[in-house]
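Letters go in sequence order (proteins before strands), and every chain restarts at 1.
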Amino acid sequence: MPKTVLITGADRGVGFALCECFLKGGWQVIAGQYMPDWPQLSQLSRQEPENLHIIPLDVSDTESVNTAAKACAALCSTIDLLISCAGISGNEEYDNMRAVFNVNTIAALRVTEAFLPLMQGGLKRLAYISSEAGSISVAHRQDTFSYTMSKTALNMVVRRMFRTLRPQGYSFRLYHPGWVRSYMMGTKSTVGNFEPEEAAEAAYRQFITDRPTEDVLVMTDISGEMWPY
Amino acid sequence: MNKTILLTCGAQPAIRQAADFFAASHDRVYLSAPARPENMADGIRFLPFDPMHKESLAQAVKEIERQSGQLDILVLGTGRQPHDGKVGAGHDYDEMLDTMMQNLYGAFETVNAFLPLLRRGMKRIAAITDIEASNSYSTGQEDFAASASKAALNMMGKILFNKLRPEGFTFRWYCDIKAPEAMQAGEYITSALCYDEKEPYIHSDENRFVLRDGFLREIPW
């Protein structure tokens, strides 16, 4: 019986590359689609019609998330792994900062709470894409307040969920994908250290591999190194 | 008259306590809160403003400029700290967002608005927070919006430190552990920290962004 993963922000970038990794690994993939006009997911779905299921999912919208959870329940009885990958960047204007907190921070709780009922009988693994940008100890930036704060806040949200859910058998991954040539700014970045596929491949290995230290919540990077908060 | 100090989030008990300390030290103290706090000590001036509205902020800046000409220390907090439940209990996500924006956008706008006055003063930015702000030490399972705000306020402080320390700004991030025998927030915020040009960078607290409690223990982020 193949395991099932739900991936948010699966349209492109690391999210899409994660879909490819899990399909190659023999998983059933439910891909949260935010941008129906973006062609990659649909193309992949045509190649993997049995194993890739696309559901509309806007993680910033509670109704959309709850509708997606119902759609998932119709597709499968259990989600083994939930990957919260959707993320955006923005400046410090009110509307932008609010959107960044909504997608990067609050959505982690919103999505987890909506899908938790489907995870009781599975692998019980929750993975969140964080960032070095959320590490106060390491932060070297002099700007990008919204993004950095949203990732620090995400780490705190995940920590609080960890305190409750770890005793119930859940395991967690908090992943810093490195400086990825991503679509964070709308179009694919030409600068960065990693292609989305490289970041996703490392994430895939970390997300499917059990650790002897599951009782400690750690943020790890693409090479498995731990980052301070 | 010593220093001119503005404390935001005046409804927080630890902020009120710090305001009392500054007033007792004969500093010129401005306290901001949504409503006038009861039993304010003599010497504390109530300065209500809404950090979410630029006009209100600009008015507050103008008022302190008119009365004092400068601002020496700005003390931040997280004024909105609603209680919410554990994961799985269900949350009002819009309310959580409102909380984070009030706490963080409000603090960000306040810092920006008062920067010109701070540059004329002793250039210090401080925050009073608690152990639930620490991603390393936090043990709570509830109060997501409040604790996420506190952790993010720490990050805001770090970015401000990176940006403003070269200008001579100093930072005091105080972790309130509610121990009466510990050094209190007001004393910590006004105290001098180790700074010796000959010291290696890493040994100088003034050149590092640190969170300490009243026993001067460094709290990991």
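- If you measure heavy-atom distances from A:S137 to chain B, the contacts under 4.5 Å come from both the backbone and the side chain.
- Using a 4.5 Å cut-off between heavy atoms, B:D98 touches chain A through backbone and side chain atoms alike.
- Looking at heavy atoms from C-beta onward, B:M155 lies out of side-chain contact with A:F145 at the 4.5 angstrom threshold.
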Determine whether B:W221 and A:T152 satisfy the following criterion, side-chain contact (heavy atoms from CB on, under 4.5 Å), listing intermediate values before the conclusion. CA-CA 10 Å; B:W221 300 113; A:T152 306; over 6 Å; no
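- The greatest number of non-hydrogen atom pairs below 4.5 Å with chain A, out of B:M156, B:M101, B:K163, is found for B:M101.
- Ranked by heavy-atom pairs shorter than 4.5 Å toward chain B, the options A:T148, A:T112, A:D143 are led by A:T148.
- The number of heavy atoms from other shown groups lying within 6.0 Å of CD (B:E167) is above 12.
- Each of A:H140, A:E92, A:E113 has some count of heavy-atom pairs under 4.5 Å with chain B, and the biggest count is that of A:E113.
- Taking a 6.0 Å sphere around CE of A:M226, one finds it holds 12 or fewer heavy atoms contributed by other residues, nucleotides or ligands.
- For A:A133, the part sitting under 4.5 Å from any heavy atom of chain B is the backbone (N, CA, C, O) and nothing else.
- Contact tally against chain B (heavy-atom pairs below 4.5 Å) for A:S146, A:A153, A:S150: the top residue is A:A153.
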Run the side-chain contact (heavy atoms from CB on, under 4.5 Å) test on A:Y94 and B:E109 for me, step by step, so that the C-alpha distance in whole Å, both residues' side-chain angles and the decisive distance to 0.1 Å come before the verdict. CA-CA 10 Å; A:Y94 180 90; B:E109 289 288 287; over 6 Å; no
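- More than 12 heavy atoms of other shown residues, nucleotides or ligands fall within 6.0 angstrom of atom OH in B:Y93.
- Ion pairing of A:R110 with B:D94 is absent here, as no side-chain N (NZ or NE/NH1/NH2) approaches a carboxylate O to less than 4.0 Å.
- A distance-only check finds a donor-acceptor pair linking the side chain of B:N162 to the backbone of A:A139 [under 3.5 Å].
- In this structure the side chain of A:I106 reaches within 4.5 angstrom of the side chain of B:M100, judged on heavy atoms.
- Contacts of B:L164 with chain A are absent, with no heavy-atom separation under 4.5 Å from either backbone or side chain.
- In terms of heavy-atom pairs under 4.5 Å with chain B, the best-connected choice from A:L116, A:N102, A:V158 is A:N102.
- In this structure, CD1 on B:I159 lies 7.5 Å from CZ on A:R141, to the nearest 0.5 angstrom.
- Among the candidates B:P220, B:S136, B:S134, the single residue satisfying the side chain to side chain contact (heavy atoms under 4.5 Å, CB included) test with A:Y229 is B:S136.
- Across B:G140, B:A151, B:A133, B:G88, the residue that shares the most heavy-atom pairs under 4.5 angstrom with chain A is B:G140.
- A pairwise comparison of heavy atoms in B:Y105 and A:E93 identifies CE1-C, 4.2 Å as the closest pair.
- For B:F144, the parts lying near chain A are the backbone and the side chain together; criterion is any non-hydrogen pair under 4.5 Å.
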Between B:M96 and A:L109, does the side-chain contact (heavy atoms from CB on, under 4.5 Å) criterion hold? Intermediate values first, please. CA-CA 11 Å; B:M96 291 178 70; A:L109 180 63; 3.6 Å; yes
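- Side chain of A:R163 to backbone of B:Q141: no donor-acceptor contact under 3.5 angstrom is found.
- Between B:E132 and A:R160, at least one side-chain N (NZ, or NE/NH1/NH2) sits under 4.0 Å from a carboxylate O, which counts as a salt bridge.
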